[in-house]
Amino acid sequence: MTVSLRQATSRDLDAIYRLEQLAFSGDRFSRRQLWHLLNRANAETRVAEDETGRLLGYATVLLRQNSRRARLYSFCVHPEARGSGLGRRLLEAVEAVARERGRDVLGLEVRVDNRVALGLYRRMGFRLEAWLEAYYEDGSAGWQMAKLLTPPVEAAS
């Protein structure tokens, strides 16, 4: 399967909304919230799609003005694409966006019981920062994590 990444547009709203409904049982974004992220927020979203145009994942990074810290605000991989390396590719893409926009740190929050995501984030260099008691709508705790974004290494000439 060939997967390509690109910047999301407002035309991706329906597919992103369907993926949210499929992938998450709670703490989902509404269509209105997703529309805002795509059209009004100081944010960038990258989508991953297969050769047929089917959405397999997306990641949204918030880029608050006058801040050196970006926030991975939403991250979702289609259940059928999990374990394929797609999550790593999406994270690398939003890290690059944050770096390009002058951010030094990428932060995120993750459910304490999401072992797969925690493992991915740790492998990608994120470190635990703070415990978030009863952070999610169902009362589950979470972790706040962060990664220092170093400039990309230039290829030797």
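- Closest of all the heavy-atom pairs between R69 and G107 is NH2-CA, 3.7 Å.
- The nearest pair of heavy atoms linking A23 to R82 is CB-NH2, 3.5 Å.
- In this view, R31 and D14 satisfy the salt bridge (charged side-chain N to carboxylate O under 4.0 Å, His left out) rule, not counting sequence neighbours.
- Not counting sequence neighbours, the partners of T52 by the side-chain hydrogen bond (donor to acceptor under 3.5 Å, both in side chains) test are D50.
- Grouping the Ile, Leu, Val, Met, Phe, Trp and Tyr side chains by contacts below 4.5 angstrom, directly or via other members, places V105 apart from L62.
- Of all heavy-atom pairs spanning E137 and D27, the tightest one is OE2-N, 3.0 Å.
- Contact between Y17 and L34 at its shortest, heavy atoms only, is CA-CD1, 3.7 Å.
- Here Q144 pairs with nothing under the side-chain hydrogen bond (donor to acceptor under 3.5 Å, both in side chains) rule; sequence neighbours left out.
- When the salt bridge (charged side-chain N to carboxylate O under 4.0 Å, His left out) test is applied to R103, no partner is found at least two apart in sequence or on another chain.
- One hydrophobic cluster holds both L90 and L149 under the rule that ILVMFWY side chains link at heavy-atom gaps under 4.5 Å.
- Here OG of S30 is found 11.0 Å from NE2 of H36. Values are rounded to the nearest 0.5 Å.
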Could you walk me through whether R127 and E129 satisfy the salt bridge (charged side-chain N to carboxylate O under 4.0 Å, His left out) test, starting with their C-alpha distance in whole Å, then the side-chain angles of each, then the deciding distance to 0.1 Å, before giving a yes or no? CA-CA 6 Å; R127 299 291 172 245; E129 278 193 326; over 6 Å; no
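- Remark: E51 pairs with M1, T2 by the side chain to side chain contact (heavy atoms under 4.5 Å, CB included) rule, at least two apart or across chains.
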Would you check, one step at a time, whether the test side chain to side chain contact (heavy atoms under 4.5 Å, CB included) holds for I16 with L38? CA-CA 10 Å; I16 291 172; L38 291 171; 4.2 Å; yes
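- Taking the salt bridge (charged side-chain N to carboxylate O under 4.0 Å, His left out) definition, one finds that E49 meets it with R6, sequence neighbours left out.
- In this structure, CG in D12 is found 11.0 Å from CG in L19, a value given to the nearest 0.5 Å.
- Hydrophobic clustering of Ile, Leu, Val, Met, Phe, Trp and Tyr side chains at less than 4.5 Å, counting indirect connections, keeps L56 apart from L13.
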Would you check, one step at a time, whether the test side chain to side chain contact (heavy atoms under 4.5 Å, CB included) holds for L63 with V97? CA-CA 9 Å; L63 302 155; V97 167; 4.2 Å; yes
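- For L86 against G57, the heavy-atom pair with the smallest separation is CD2-N, 4.4 Å.
- With sequence neighbours left out, the side-chain hydrogen bond (donor to acceptor under 3.5 Å, both in side chains) criterion links R68 to D104.
- Taking CG of L5 as the start and CZ of R89 as the end, the distance is 5.0 Å to the nearest 0.5 Å.
- V61 is connected to F75 through a chain of hydrophobic side-chain contacts under 4.5 Å among Ile, Leu, Val, Met, Phe, Trp and Tyr, so both are in one cluster.
- Nearest heavy atoms, L22 versus P79: CD2-CD, 3.8 Å.
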Begin from the C-alpha positions of L55 and H78 and carry the test side chain to side chain contact (heavy atoms under 4.5 Å, CB included) through to its verdict. CA-CA 8 Å; L55 189 78; H78 193 290; over 6 Å; no
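- For F29, the ring pair (Phe, Tyr, Trp, His ring centres under 6.0 Å) criterion is met by Y73, not counting sequence neighbours.
- Legend: residues meeting side-chain hydrogen bond (donor to acceptor under 3.5 Å, both in side chains) with E80, ordered by chain and number and at least two apart, are R54.
- The ring pair (Phe, Tyr, Trp, His ring centres under 6.0 Å) pairs that include a residue from residues 123-143 are Y121-F126, W131-W143, where partners are two or more places apart or lie in different chains.
- The side chain to side chain contact (heavy atoms under 4.5 Å, CB included) test applied to N39 returns S10, W35, not counting sequence neighbours.
- Looking at R88, its side chain never comes within 3.5 Å of a backbone N or O of M124 through a donor-acceptor pair.
- Side chain of R122 to backbone of L118: no donor-acceptor contact under 3.5 angstrom is found.
- Under a hydrophobic clustering in which Ile, Leu, Val, Met, Phe, Trp and Tyr are joined whenever their side-chain heavy atoms come within less than 4.5 Å, directly or via other members, L91 and V77 fall into the same cluster.
- With sequence neighbours excluded, no residue forms a salt bridge (charged side-chain N to carboxylate O under 4.0 Å, His left out) with R28.
- Remark: D113 CG to S140 OG distance equals 4.5 Å, nearest 0.5 Å.
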